[in-house]
2 protein chains.
Amino acid sequence: MKNSQLYKGSLNTIIMKLLEENGKMYGYEITQKVKVITQGELNITEGALYPALHKLEAEGLLDVEIEKVDNRMRKYYKLTESGQRETVNRLSELEDFIRNMQSLVNASPKLEF
Amino acid sequence: MKNSQLYKGSLNTIIMKLLEENGKMYGYEITQKVKVITQGELNITEGALYPALHKLEAEGLLDVEIEKVDNRMRKYYKLTESGQRETVNRLSELEDFIRNMQSLVNASPKLEF
DNA sequence: TATTATGTATAAGAATCTTATGTATATTTG
DNA sequence: CAAATATACATAAGATTCTTATACATAATA
């Protein structure tokens with residue numbers, strides 16, 4: 001997703017949050033939305049995105065619905081009920097994660113006199 | 001490190017930050033320190049920690065110094081100069097990462113009336 | 001007409017981690 | 001005293017997640 005390894009493991013949470021927020025989205029739309037929100041800092045690659053969407057669907061967390069717009073295929077994804085419940089958990093985990101990382105980082109640096 | 005995949009990719013940054021803060025630490029000490037700081041939420045496994053330390057050393061970011069305490073071996077790690085410079089970058093990346101994740105998550109959820 | 005944008009997909013390989021196992025000494029508990 | 005736990009390091013097999021490259025197809029732009 002980026003040169004920084006930190007984003008590893010966060011893609012599923014990002015997808016689910018965006019779907020919770022927007023109701024339904026298609027893959028390409030997700031990449032563009034993320035790019036805008038992060039001001040170009042985070043670029044989700046197709047090689048990461050599509051397998052992730054397929055897996056979430058296989059796990060029953062997403063439903064898919066195919067549409068044809070301007071003669072081009074779009075696969076709209078939305079959260080299932082199970083997916084909505086799981087999204088709450090994932091966002092809670094993300095909050096804990098961020099809090100823990102800030103605890104680790106904000107611990108006062110060594111003072112040098 | 002935990003059931004949450006979110007921590008994936010953050011171990012190197014955690015190690016380097018703790019070493020910046022504490023001067024020198026040995027592996028087991030790092031696992032205990034992290035456990036305390038995160039109030040038991042984050043447990044670094046040896047299978048993740050030791051390969052990570054070895055790799056950071058191989059990359060020239062850490063120096064190692066062996067001591068024997070109570071007849072038991074300890075390998076103290078500390079940041080090299082290069083490691084200190086790199087730590088600044090990693091912490092900056094972590095800040096960007098957290099900021100971006102918060103932007104993605106704090107985006108107003110769908111309002112239901 | 002060629003490139004860029006839109007749109008989805010997969011396969012090979014890299015990176016990071018989990019889980020399990022191994023070795024060894026010191027301390028605590030039953 | 002014996003067994004379990006704590007301290008301390010290490011690695012190997014496999015899982016998961018991602019990058020990079022490639023593929024196909026249509027629409028819009030240069």
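Protein chains get the first letters and strands the later ones, always in sequence-line order, with residue 1 at the start of each. None of the values given here were measured: they were computed from a predicted structure.
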**Asked** Backbone N or O of Gly60(B) within a donor-acceptor pair of the Thr80(B) side chain at under 3.5 Å?
**Response** yes
**Asked** Can Glu67(B) and Lys24(B) be said to form a salt bridge (Lys or Arg N to Asp or Glu O under 4.0 Å), step by step?
**Response** CA-CA 12 Å; Glu67(B) 276 187 39; Lys24(B) 67 174 189 179; 3.1 Å; yes
**Item:** Spacing of His54(B) atom NE2 relative to dA15(C) atom C1', expressed in whole Å
**Value:** 17 Å
**Request:** Measure the distance from OH on Tyr7(B) to P on dC17(C) and round it to the nearest whole Å.
**Result:** 13 Å
**Item:** Spacing between Leu6(A) atom CG and dA15(C) atom P, to the nearest angstrom
**Value:** 16 Å
**Salt bridge flag under 4.0 Å for residues Glu21(B) and Lys33(B)** = no
**Item:** Closest nucleotide among dC18(D), dT6(C), dC9(D) to the Tyr28(A) side chain
**Value:** dT6(C)
**Item:** Options dC18(D), dT16(C), dC9(D), nucleotide nearest the side-chain atoms of Ala48(A)
**Value:** dC18(D)
**Prompt:** Near DNA chain D, which residues from residues 63-76 of chain B have a heavy atom under 4.0 Å away?
**Reply:** Arg72(B), Met73(B), Arg74(B), Lys75(B)
**Prompt:** Does the distance from a Lys or Arg side-chain N to an Asp or Glu carboxylate O, for Glu86(B) and Arg90(B), drop under 4.0 Å?
**Reply:** yes
**Request:** For Glu46(A), report the nucleic acid contact type (base, sugar-phosphate, nothing); a contact means any heavy atom under 4.0 Å.
**Result:** base
**Prompt:** What is the distance, rounded to the nearest whole Å, between atom NZ of Lys55(A) and atom P of dA9(C)?
**Reply:** 17 Å
**Asked** When we call it a touch if two heavy atoms are under 4.0 Å apart, what does Gly27(A) touch: a base, just sugar-phosphate, or nothing?
**Response** sugar-phosphate
**Request:** May I have the distance from Lys24(B) (atom NZ) to dA8(D) (atom P), rounded to whole angstrom?
**Result:** 13 Å
**Prompt:** Would Arg99(B) and Glu95(B) pass as an ion pair if we require N to O under 4.0 Å?
**Reply:** no
**Item:** Whole angstrom value for the distance that separates C1' of dC18(D) from CG of Asn12(A)
**Value:** 11 Å
**Message:** Taking the basic N atoms (NZ, or NE/NH1/NH2) and the acidic carboxylate oxygens, is any pair closer than 4.0 Å for Glu29(B) and Arg74(B)?
**Reply:** no
**Asked** Considering heavy-atom distances to DNA chain D, does Gln32(B) or Pro51(A) have its closest nucleotide positioned more toward the 5' end?
**Response** Gln32(B)
**Prompt:** Can Met101(B) be reached from Val88(A) by stepping across I, L, V, M, F, W or Y side chains whose heavy atoms are under 4.5 Å apart?
**Reply:** no
**Request:** Would you kindly give the CG-to-P distance between Leu53(B) and dT11(D), to the nearest whole Å?
**Result:** 12 Å
**Asked** Between Tyr50(B) (OH) and dT16(C) (C1'), how many Å, whole number?
**Response** 18 Å
**Fill in**
Of dT10(C), dC9(D), dT17(D), the nucleotide closest to the side chain of Gln5(B) is dT17(D)
**Fill in**
Among the nucleotides dT8(C), dA15(C), dT16(D), whichever has the atom closest to the side chain of Lys8(B) is dT16(D)
